[in-house]
Amino acid sequence: MDNSSEKKYVYEQMKMIVEERRELTKQYHDLKERLTLLDHSNFKMEPEKLGDFKSKEKKDDFKKESEYQRYILSKNSYRSKIISYQTIGLTISSLLKEAGRPLSNREIYNRLNETNEIEVNYKNLTMNILPKMNKDPKMNVERAYRGYWQYRLVKI
């Protein structure tokens, strides 16, 4: 296939796509108009129109199924963003150990964001994660004083 015939073929395909898009847009607006009519009136649907909509419903099954699949995939991708408490705790412990001094909530938050390992909300960090780590004997984090946290040295 030479360049000119391939160009013609590509243009034809593009033209067909544009025409198909026009048709879909027209169907969309017709259905939208029908919905507004149904919302604002109390009349019964004519049987012939009802049959027409049932044939369109078969075509819409594929659209609904693909929409459902996209929903499930997005739901699964959200779950993959959840970071375990152990991961967060070990990362914060290592930050405090490397620092060698007590760090404030804001410093811990900024260092976590700089490394881009963990995306954590500041409020969640200060109100939930750090106090939970303080109570957990497995995590070597303790409260130095208000708003500051330090690495807990293990007693022998």
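This structure is a prediction, so every number in the text was calculated from the model and none was measured. What you see below is based on every heavy atom in this structure, not just the backbone, and it leaves out hydrogens, waters and symmetry mates.
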Side chains of [X] and [Y], donor plus acceptor under 3.5 Å:
| X | Y | result |
| --- | --- | --- |
| S94 | T91 | no |
| T36 | D39 | no |
| N105 | Y109 | no |

| request: Flag yes if more than 12 heavy atoms outside R21 fall under 6.0 Å of its CZ atom; otherwise flag no. | output: no

| query | In this structure, are over 12 heavy atoms from other groups packed under 6.0 Å from E20 atom CD? | reply | no

Tell me the closest heavy-atom pair linking [X] and [Y], and the distance in Å.
| X | Y | value |
| --- | --- | --- |
| R111 | A99 | NH1-CB, 3.7 Å |
| V141 | S93 | CG2-OG, 3.4 Å |
| I108 | L95 | O-CD1, 4.3 Å |

For the atom pair [atom1] ([X]) and [atom2] ([Y]), what is the distance rounded to the nearest 0.5 Å?
| X | Y | atom1 | atom2 | result |
| --- | --- | --- | --- | --- |
| Q150 | L103 | CD | CG | 10.0 Å |
| M133 | N128 | CE | CG | 13.0 Å |
| L90 | N140 | CG | CG | 9.5 Å |
| I129 | D136 | CD1 | CG | 13.0 Å |
| R101 | Y148 | CZ | OH | 8.0 Å |

Please tell me if the side chains of [X] and [Y] come closer than 4.5 Å, counting only heavy atoms from C-beta onward.
| X | Y | answer |
| --- | --- | --- |
| L24 | Q27 | yes |
| Y11 | K15 | no |
| N134 | W149 | yes |

| Check: S104 main-chain N/O paired with E107 side-chain donor or acceptor under 3.5 Å | yes

| task | Look only at the side chain of R152 and the backbone of M139, and say whether a donor-acceptor pair between them is shorter than 3.5 Å. | result | yes

| field | Cationic tip of R106 above Y122 ring, under 6.0 Å, 45° of axis | value | yes

| Do V120 and Y85 share a hydrophobic cluster, counting only Ile, Leu, Val, Met, Phe, Trp and Tyr and linking them when any side-chain heavy atoms are less than 4.5 Å apart? | yes

| Chi angles and distances behind the side-chain contact (heavy atoms from CB on, under 4.5 Å) call for M14, V10 | CA-CA 6 Å; M14 290 170 59; V10 169; 3.9 Å; yes

